[in-house]
Amino acid sequence: MKIGYLGPKSSFTHQAAQKIALDAELIAFPSIPKCLLAAEQQLVDFAVVPVENSLEGSVHATIDHLFHKCGLTVVQEIILPIKQQLLTAPTTPIDALTKIMSHPQALAQCQDYLESQFPDVLLEAVASTTYAAEYVSQHPHEKIAAIASMQAAQQYALTVAATAIQDNDFNQTRFWLVASQKNDSSQKIQPSSADKMTILLTLPSNQPGALHKALAAFGWRNIGLSKIESRPLKTSLGEYFFVVDLVCEQSERLIKNALEEIQLLGVVVRNLGAYPVRTIPEE
């Protein structure tokens with residue numbers, strides 16, 4: 001079994017991928033779109049990508065690709081606790097830093113710490129937290145640091161200058177395990193029961209109350225919604241699609257009836273799949 005993930009090795013996505021199947025071959029990809037494209041083209045059996053962080057919200061590259069590119073379904077959700085560390089080369093003093101590098105989400109997750117401890121230090125966004133750690137290890141004479149995981153510190157023999165620097169101890173990221181809809185191997189991983197379902201809704205234009213009518217179809221059936229978010233359609237200003245997470249506590253038939261009702265209202269529904277949710281305990 002081949003599982004693609006947003007790399008490089010020791011990234012948080014890599015850690016999530018390691019929790020899925022111990023005997024899987026893990027293949028790193030440099031970006032979320034390339035990782036998802038590999039799953040679409042069945043170059044890998046599955047892909048693991050981040051979808052939402054508890055501090056910084058949705059990962060738009062994942063949501064937008066799944067909306068604008070057809071053919072993928074969500075098989076499982078993995079919730080991983082995220083602890084960010086400040087990493088330096090062994091010879092770099094922390095009070096001499098001129099630049100701190102990391103993924104934009106990681107920099108945002110540590111905003112309070114960075115503003116209080118390093119208000120005058122340049123912050124540079126890069127492709128991943130692990131890329132930042134790798135760069136610091138390869139340039140030990142530069143006065144730079146990375147924000148990355150403890151695994152990345154071990155992988156690249158870096159000094160942990162400060163631990164758990166995220167702004168909130170309750171920092172978690174949701175990752176989705178996705179597969180091509182043509183891939184019949186998803187049952188190797190997916191249990192029979194589902195905890196959530198994610199749908200993408202495009203409302204009929206110029207119809208007042210269209211969103212209210214769509215949501216009411218779930219409300220009167222007591223179908224819980226754990227998330228509603230709008231994203232630009234990328235057609236013209238002011239046009240959006242909606243990401244809706246349903247809680248699968250009601251019967252499958254009741255949810256199906258709700259989806260049929262909103263489609264009769266002219267709403268275009270794309271079902272990304274019903275899937276189990278697995279929370280990884282903090283180590």
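Note that the coordinates shown come from a computational prediction; the quantities given were computed from them, not determined experimentally.
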**Student:** With a distance cut-off below 6.0 Å to the six-membered ring centre and an angular limit of 45° from the axis, does Arg270 pair with Phe67 as a cation-pi contact?
**Tutor:** yes
**Student:** Looking at side-chain heavy atoms only, is the closest gap between Leu86 and Ile147 below 4.5 Å?
**Tutor:**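 Yes, their side chains come closer than 4.5 Å.
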**Student:** Can you say whether the rings of His139 and Tyr135 are parallel (under 30°), tilted (30 to 60°) or perpendicular (over 60°)?
**Tutor:** parallel
**Student:** With a 4.5 Å limit on heavy-atom distance, are the side chains of Asp245 and Leu225 in contact?
**Tutor:** no
**Student:** Give the cluster check for Phe242 versus Val267: same hydrophobic cluster or not, with ILVMFWY residues linked at side-chain heavy-atom distances below 4.5 Å.
**Tutor:** yes
**Student:** Would Glu40 and Lys69 pass as an ion pair if we require N to O under 4.0 Å?
**Tutor:**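 So Glu40 does not pair with Lys69 through a salt bridge.
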**Student:** Between Glu261 and Arg221, does any NZ, NE, NH1 or NH2 come within less than 4.0 Å of an OD or OE carboxylate oxygen?
**Tutor:** yes
**Student:** For the backbone of Ser102 and the side chain of Thr129, can you confirm whether one donor and one acceptor N or O come within less than 3.5 Å of each other?
**Tutor:**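 No, because the side chain of Thr129 does not come within donor-acceptor range (under 3.5 Å) of the backbone of Ser102.
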**Student:** Please determine which of Gln85, Gln15, Lys83 meets the side chain to side chain donor-acceptor pair (under 3.5 Å) test together with Ser149.
**Tutor:**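 Between Ser149 and the candidates, side chain to side chain donor-acceptor pair (under 3.5 Å) is satisfied uniquely by Gln15.
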**Student:** Give a yes or no on whether the backbone of Asn222 and the side-chain of Gln250 come within a donor-acceptor separation of less than 3.5 Å.
**Tutor:**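 At least one qualifying donor-acceptor pair exists.
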**Student:** Of all the heavy-atom pairs spanning Leu265 and Pro204, show the shortest one and how long it is.
**Tutor:** O-CG, 3.8 Å
**Student:** Could you measure the distance from the CG atom of Leu123 to the CE atom of Met101? Nearest 0.5 Å is fine.
**Tutor:** 11.5 Å
**Student:** Are Leu200 and Val51 linked, directly or through other ILVMFWY residues, by side chains that come within less than 4.5 angstrom of each other?
**Tutor:** yes
**Student:** Show your reasoning for whether side chain to side chain contact (heavy atoms under 4.5 Å, CB included) applies to Ile79 and Arg278.
**Tutor:** CA-CA 6 Å; Ile79 300 177; Arg278 179 184 173 196; over 6 Å; no
**Student:** For the residue pair Gln155 / Gln151, report whether a side-chain donor-acceptor contact shorter than 3.5 Å exists.
**Tutor:** no
**Student:** State the OG1-CD distance between Thr88 and Glu142, to the nearest 0.5 angstrom.
**Tutor:** 13.5 Å
**Student:** Any donor and acceptor pair, going by atom type alone, linking the side chain of Thr98 with main-chain N or O of Lys143 inside 3.5 Å?
**Tutor:** yes
**Student:** Assess, by modelled atom type and distance only, whether the side chains of Thr198 and Tyr275 contain a donor and an acceptor separated by less than 3.5 Å.
**Tutor:** yes
**Student:** Quick one: NZ on Lys2 to CZ on Phe46, what's the gap to the nearest 0.5 Å?
**Tutor:** 13.5 Å
**Student:** Set out, in order, the CA-CA distance, both residues' side-chain angles and the distance that settles side chain to side chain contact (heavy atoms under 4.5 Å, CB included) for Asp64 and Phe241, then state yes or no.
**Tutor:** CA-CA 10 Å; Asp64 290 350; Phe241 70 93; 3.9 Å; yes
**Student:** Establish whether Leu37 and Phe175 are linked, either directly or via other cluster members, by ILVMFWY side-chain heavy-atom contacts under 4.5 Å.
**Tutor:** no
**Student:** Take Val269 and Leu201, measure what side chain to side chain contact (heavy atoms under 4.5 Å, CB included) needs, and give me the verdict at the end.
**Tutor:** CA-CA 5 Å; Val269 179; Leu201 307 180; 3.7 Å; yes
**Student:** With the side chain counted from C-beta on, respond yes when Leu259 and Met197 share a heavy-atom pair under 4.5 Å apart, and no when they do not.
**Tutor:** yes
**Student:** Can you tell if the side chain of Ile27 reaches within under 4.5 Å of the side chain of Glu25, non-hydrogen atoms only?
**Tutor:** yes
**Student:** Nearest 0.5 Å please: distance from the CE atom of Met1 over to the CD1 atom of Ile20.
**Tutor:** 9.5 Å
**Student:** Please report the interatomic distance NZ(Lys9) to NE2(His14), rounded to the nearest 0.5 Å.
**Tutor:** 6.0 Å
**Student:** Give a yes or no on whether Ile63 and Leu272 share a hydrophobic cluster (residues Ile, Leu, Val, Met, Phe, Trp, Tyr; joining criterion: side-chain heavy atoms under 4.5 Å apart).
**Tutor:**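 As far as the 4.5 Å side-chain criterion goes, Leu272 and Ile63 are connected within one cluster.
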**Student:** State whether a side-chain donor-acceptor pair under 3.5 Å links Gln111 with Asp167.
**Tutor:** no
**Student:** Check Pro232 against His68 and note the closest heavy-atom contact, atom names and distance.
**Tutor:** O-NE2, 4.3 Å
**Student:** Kindly compute the distance separating OG (Ser54) from CZ (Phe170), expressed to the nearest 0.5 Å.
**Tutor:**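 One finds 6.0 Å between OG of Ser54 and CZ of Phe170.
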**Student:** So do Leu66 and Trp176 actually touch side chain to side chain, heavy atoms under 4.5 Å?
**Tutor:** yes
**Student:** Can you find a heavy atom in the side chain of Asn53 that is under 4.5 Å from one in the side chain of Asn171?
**Tutor:**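 Contact flag for Asn53/Asn171 side chains = yes.
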**Student:** Looking only at the side chains, is there a donor atom on one of Glu229 and Ser58 sitting less than 3.5 Å from an acceptor on the other?
**Tutor:** yes
**Student:** Taking CD in Gln263 as the centre, count heavy atoms belonging to other residues, nucleotides or ligands within less than 6.0 Å. Is the count above 12?
**Tutor:**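 Atom CD in Gln263 is packed in, count exceeds 12.
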**Student:** Indicate the atoms forming the closest heavy-atom contact of Ala157 with Pro90, along with that distance.
**Tutor:** O-CG, 3.9 Å
**Student:** What are the two closest non-hydrogen atoms of Ala258 and Ala217, and how far apart are they?
**Tutor:**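 Looking at all heavy atoms of both residues, the closest pair is CB-O, 3.9 Å.
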**Student:** Would Ile144 and Leu122 show up in the same hydrophobic cluster when neighbours are defined by side-chain heavy atoms closer than 4.5 Å?
**Tutor:**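 Looking at the clustering, Leu122 is in a separate group from Ile144.
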**Student:** Measure from the side-chain N and O atoms of Ser11 to the backbone N and O of Leu6, and report whether any donor-acceptor pair falls under 3.5 Å.
**Tutor:**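 Yes.
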**Student:** Is it the case that over 12 heavy atoms from other parts of the model lie below 6.0 angstrom from the NZ atom of Lys227?
**Tutor:** yes
**Student:** So which atom in Val160 and which in Ala153 form the shortest heavy-atom distance, rounded to 0.1 Å?
**Tutor:** CG2-CB, 3.9 Å
**Student:** Start with the C-alpha gap between Asn168 and Gln166, add the side-chain angles, then the distance that decides, and say whether side chain to side chain contact (heavy atoms under 4.5 Å, CB included) holds.
**Tutor:** CA-CA 6 Å; Asn168 191 319; Gln166 67 281 348; 5.6 Å; no
**Student:** Are Leu211 and Leu203 side-chain neighbours, meaning at least one heavy-atom pair lies under 4.5 Å?
**Tutor:** yes
**Student:** Taking all heavy atoms of Ile3 and all of Ala24, pick out the closest pair and write down the distance.
**Tutor:**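 Distance-wise, the nearest heavy atoms are CD1-CB, 3.7 Å.
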**Student:** Apart from Val268 itself, what residues make up its hydrophobic cluster when side-chain heavy atoms of I, L, V, M, F, W and Y under 4.5 Å apart count as a link, directly or indirectly?
**Tutor:** none
